[in-house]
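What you see is a predicted model, and the numbers here were worked out from it, not measured in a lab.
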Amino acid sequence: FWDESLLKPVVESLFSISWQEYATSTTTDTVIQKVILFNGLVYLAAAMATITIRQTLKQWQKLLITLGGVSLVILTLLMTKEKFYHAAQFFEHSIQFGLPFCLLYFYTKKYNPNTLILTLKILIAVTFVSHGLYAFGFYPVPGNFVDMVIQIFNCDEETAITFLYIAGIVDFILAVLLFVPIAAI
């Protein structure tokens, strides 16, 4: 809601006010805070819907879980925009926004356990690979990754970056191992 390059044309044409008015308005801030609160309530309602499922999925539960899942996709898109549109940023959250839809699939008449397991493996693998792309250094390694490793292992920055590089490789290996039958391991 604060990206001037993206929203200025919309704000000025739709609301007929200047960007300066929009950005400094207490009304704008209040509306944005209410949208944030509403999203939090959507997530809470979706969580309550999931923990109250018994044998079948009721229509209100399906609606709330779908709304929560769609909201997670939108949140992930916004986070991706914030991180310079790196594809890995979006897919790093695939298990997070994919799970509500997997749950909904579980309660359909078309449910097939093999399809669900394969879907979950793909979501987990995509999450690992995306995370690994950052740790490996394909994208700039996030400073908080480096800081976290330094704090946990009490090491220098160079060691932390080497550790993350290795962790990225491990992420790639684990993503592949998800698809290897247990009997083959």
Check your understanding: With no hydrogens and no angle check, is any side-chain donor or acceptor of Ser94 less than 3.5 Å from a backbone partner on Val126?
Key -> no

Revision key, fill the gap. Thr66 and Lys62 have their tightest heavy-atom pair at OG1-O, 2.7 Å

Exercise for review: Report yes if the side chains of Leu75 and Phe97 come closer than 4.5 Å at any heavy-atom pair, otherwise no.
Suggested key: no

Study note, to complete from the structure: Between Met48 and Thr52 the two heavy atoms that sit nearest each other are O-OG1, 2.9 Å

Study note, to complete from the structure: d(Phe172 CZ, Ile169 CD1) to nearest 0.5 Å is 8.0 Å

Review point. Taking the side chain from Ser25 and the backbone from Tyr22, do they hold a donor-acceptor pair closer than 3.5 Å?
Key: no

Study note, to complete from the structure: Rounded to the nearest 0.5 angstrom, the CG-CZ distance for Leu133 and Phe128 is 13.5 Å

Review point. Is there a chain of hydrophobic side chains (I, L, V, M, F, W, Y, each step under 4.5 Å between heavy atoms) that links Tyr111 to Ile117?
Key: no

Check your understanding: Does Leu164 share a hydrophobic cluster with Ile152, counting links as ILVMFWY side-chain heavy atoms below 4.5 Å and allowing steps through other members?
Key -> yes

Practice item. Please name the pair of heavy atoms, one in Gly68 and one in Tyr43, separated by the smallest distance, quoted to 0.1 Å. Key: O-CE2, 3.8 Å

Exercise for review: Could you pull out the closest heavy-atom pair between Gln89 and Thr76, with the gap in Å?
Suggested key: O-CG2, 4.4 Å

Review point. Are Leu41 and Val31 connected, step by step, through hydrophobic side chains (Ile, Leu, Val, Met, Phe, Trp, Tyr) whose heavy atoms are closer than 4.5 Å?
Key: no

Point to revise | Minimum-distance pair of heavy atoms, taken over all atoms of Leu64 and Ala49 | key: CB-CB, 4.0 Å

Exercise for review: Check step by step if side chain to side chain contact (heavy atoms under 4.5 Å, CB included) holds for Thr80 and His86.
Suggested key: CA-CA 6 Å; Thr80 302; His86 293 163; 5.7 Å; no

Review point. What is the distance from atom OH of Tyr107 to atom NZ of Lys58, rounded to the nearest 0.5 Å?
Key: 10.5 Å

Practice item. For Ile122 and Phe179, run side chain to side chain contact (heavy atoms under 4.5 Å, CB included): C-alpha distance rounded to whole Å, both residues' side-chain angles, the deciding distance at 0.1 Å, then the answer. Key: CA-CA 9 Å; Ile122 291 169; Phe179 298 96; 4.0 Å; yes

Check your understanding: Just by distance, do the side chain of Ser13 and the backbone of Pro9 share a donor-acceptor pair under 3.5 Å?
Key -> yes

Check your understanding: Say you draw a straight line from CD1 of Ile32 to CH2 of Trp2; how long is it, rounded to the nearest 0.5 Å?
Key -> 4.0 Å

Point to revise | Parallel, tilted or perpendicular, as decided by the 30° and 60° cut-offs, for the rings of Phe153 and Phe163 | key: tilted

Exercise for review: Mark yes or no for whether Thr127, through its side chain, and Ile95, through its backbone, hold a donor-acceptor pair below 3.5 Å.
Suggested key: yes

Practice item. Give the intermediate values and the outcome of side chain to side chain contact (heavy atoms under 4.5 Å, CB included) for residues Val11 and Ile17. Key: CA-CA 7 Å; Val11 166; Ile17 61 172; 3.8 Å; yes

Review point. Take atom CG in Asn154; do more than 12 heavy atoms of anything else shown fall under 6.0 Å from it?
Key: no

Revision key, fill the gap. Correct closest heavy-atom pair for Ile150 and Ala160 would be CG1-CB, 3.7 Å

**Study point:** Glu158 atom CD: more than 12 heavy-atom contacts under 6.0 Å
**Key:** no

**Study point:** Check against side chain to side chain contact (heavy atoms under 4.5 Å, CB included), Val170 and Tyr165
**Key:** CA-CA 9 Å; Val170 170; Tyr165 181 84; over 6 Å; no

Point to revise | Exceeds 12 heavy-atom contacts within 6.0 angstrom, atom CD of Glu157 | key: no

**Study point:** Donor-acceptor under 3.5 Å (Gln96 side chain, Leu72 main chain)
**Key:** no

Check your understanding: Linking I/L/V/M/F/W/Y whenever any side-chain heavy atoms sit under 4.5 Å apart, do Phe106 and Ile124 land together?
Key -> yes

**Study point:** Side-chain (Gln151) to main-chain (Met148) donor-acceptor, under 3.5 angstrom
**Key:** no

Exercise for review: Decide whether Tyr85 and Leu77 are clustered together by the hydrophobic rule: side chain heavy atoms of Ile, Leu, Val, Met, Phe, Trp, Tyr closer than 4.5 Å, transitively.
Suggested key: no

Check your understanding: Any chance the side chains of Thr26 and Asp29 put a donor and an acceptor closer than 3.5 Å?
Key -> no

Exercise for review: Can you measure from CG (Leu44) to CG (Asn39) and round to the nearest 0.5 angstrom?
Suggested key: 12.5 Å

Practice item. Spell out, as yes or no, whether a donor-acceptor pair under 3.5 Å connects the side chain of Tyr105 to the backbone of Asn112. Key: yes

Check your understanding: Tyr134 vs Phe145 aromatic rings, parallel, tilted or perpendicular, using cut-offs 30° and 60°?
Key -> perpendicular

Point to revise | Nearest-0.5 Å distance that lies between atom CD1 in Ile65 and atom CG in Leu99 | key: 11.5 Å

Point to revise | Ion pair Lys8/Asp3, N-O distance below 4.0 Å | key: no

